[in-house]
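These notes are about the structure you will find just below.
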Amino acid sequence: MAHDHPRKPELQQLRDQIESQLSSTDPAVKSWCNETTLTRYLVAKDWNVQKAAAMLRSTLNWRQQFQPHKITWADIAHNASTGRVELLSCTDDLGRPVVLMRLRNEMAPSDHEHQLKFLVYTLERACELADDAGHGKMSWLLEMEGYSPKNSPPFAVTKQSISVLQNHYPERQVLKSVLIVVLLVIWQICPSCNRTSTFLCVSAAHPTVVYVIPMGI
């Protein structure tokens with residue numbers, strides 16, 4: 001027997017607020033905007049329907065324009081060549097997909113748009129795996145050895161990447177993990193990331209490796 005969502009009224013209110021915009025979007029964007037998606041945006045805004053609707057409208061516009069569902073491996077293969085970011089074939093102990101960031105590796109030479117496409121492509125694949133597994137969340141493994149300002153990405157790329165993570169991938173437990181370990185200097189531009197849903201564990205055997213374990217649902 002199917003059970004109603006415990007916050008069904010808020011879900012329906014949010015659906016009603018974005019319905020007119022959703023009706024004119026790409027079919028792939030409509031398919032993406034399911035009950036699970038609505039729930040993530042409501043949770044991100046503490047179940048405030050108005051704030052969740054504003055955030056979701058922004059993401060609908062972004063997905064309609066950026067079209068992450070159309071990015072292919074051929075589009076971003078060059079950016080993957082340095083091994084700085086990799087979606088691993090294994091999962092964490094909770095069955096969640098793992099994204100490995102080798103921070104010592106420099107980004108492949110390309111313009112900002114292609115670097116952002118590579119990030120979004122990786123996020124989309126990890127999100128698909130997380131949703132298929134029923135978790136909706138992912139873990140990030142940050143390898144710190146050899147990291148320095150010399151191999152860090154340009155600030156403009158970092159800021160744009162954080163904007164995408166913060167505004168268009170809520171409750172995926174990605175952004176705070178990165179900020180705590182690597183980008184503390186720009187924490188102040190992301191006040192909404194101050195959520196206690198991530199646990200960091202530094203390996204005693206390999207102190208330059210930080211395991212990022214997202215907590216919660």
What pair of heavy atoms forms the shortest contact from Arg57 to Gln17, and how long is it? NH2-OE1, 3.1 Å

Atom NZ of Lys51: over 12 foreign heavy atoms under 6.0 Å: no

Atom pair CG/CG of Leu87 and Leu100 - distance to nearest 0.5 Å: 10.0 Å

To the nearest 0.5 Å, how far apart are NZ in Lys45 and CG in Leu14? 12.5 Å

Check this for me: does any side-chain nitrogen of one of Asp131 and Arg172 sit under 4.0 Å from a carboxylate oxygen of the other? yes

Glu35 backbone acceptor or donor facing Thr39 side chain under 3.5 Å: yes

Rounded distance (nearest 0.5 Å) linking atom CZ of Arg40 with atom SG of Cys127: 6.5 Å

Test side-chain contact (heavy atoms from CB on, under 4.5 Å) on Leu119 and Val85 and set out the steps. CA-CA 8 Å; Leu119 170 66; Val85 180; 5.9 Å; no

Say you draw a straight line from NE2 of His135 to CG of Leu94; how long is it, rounded to the nearest 0.5 Å? 6.5 Å

Nearest non-hydrogen partners of Ala52 and Leu42, listed with the distance: CB-CD2, 3.7 Å

Donor + acceptor pair across side chains of Asn61, Gln65 (<3.5 Å): no

Taking C-beta and beyond as the side chain, do Leu22 and Arg15 meet within less than 4.5 Å on heavy atoms? yes

Give the C-alpha distance, both sets of side-chain angles, the deciding distance and a yes or no for side-chain contact (heavy atoms from CB on, under 4.5 Å) between Arg102 and Glu86. CA-CA 8 Å; Arg102 300 178 181 90; Glu86 180 183 355; 2.8 Å; yes

Which distance, rounded to the nearest 0.5 Å, do you find between the CE of Met55 and the CG of Asn167? 5.5 Å

Provide the closest heavy-atom pair for Pro97 versus Lys137 in the form atom of the first, atom of the second, distance. CD-O, 3.6 Å

Thinking salt bridges, do Arg63 and Glu124 make one under a 4.0 Å N-O criterion? yes

Mind listing the closest non-hydrogen atom pair of Ala133 and Gly95 along with its distance? CB-O, 3.9 Å

If you apply the rule side-chain contact (heavy atoms from CB on, under 4.5 Å), what do you find for Thr91 with Arg96, and how did you get there? CA-CA 5 Å; Thr91 63; Arg96 293 162 173 166; 5.7 Å; no

Restricting to non-hydrogen atoms, name the atom on Ile18 and the atom on Ala53 that form the minimum distance, rounded to 0.1 Å. CG2-O, 4.3 Å

Looking at Trp32, is its backbone amide N or carbonyl O close enough to the side chain of Thr37 to form a donor-acceptor pair, meaning the two atoms are under 3.5 Å apart? yes

Taking the six-membered ring of Tyr121, is NZ or CZ of Arg125 closer than 6.0 Å to its centre and within 45° of its axis? yes

Residue pair Val99 / Thr122: nearest heavy atoms and the distance that separates them: CG1-CG2, 4.2 Å

For the backbone of Gln50 and the side chain of Asn48, can you confirm whether one donor and one acceptor N or O come within less than 3.5 Å of each other? yes

Quick check: does any side chain N or O of Ser31 sit under 3.5 Å from a backbone N or O of Pro27, one acting as donor and the other as acceptor? no

Any donor-acceptor pair under 3.5 Å linking the side chain of Asp75 with the backbone of Ile71? no

Residues Tyr169 and Thr59: side-chain donor-acceptor under 3.5 angstrom: no

Side chains of His69 and Gln67 in contact at under 4.5 Å (non-hydrogen atoms): yes

Spacing of SG belonging to Cys33 relative to CG belonging to Leu60, to within rounding of 0.5 Å: 5.0 Å

Does Asp26 form a side-chain contact (heavy atoms from CB on, under 4.5 Å) with Gln64? I'd like the steps, not just the answer. CA-CA 7 Å; Asp26 188 290; Gln64 184 72 11; 3.5 Å; yes

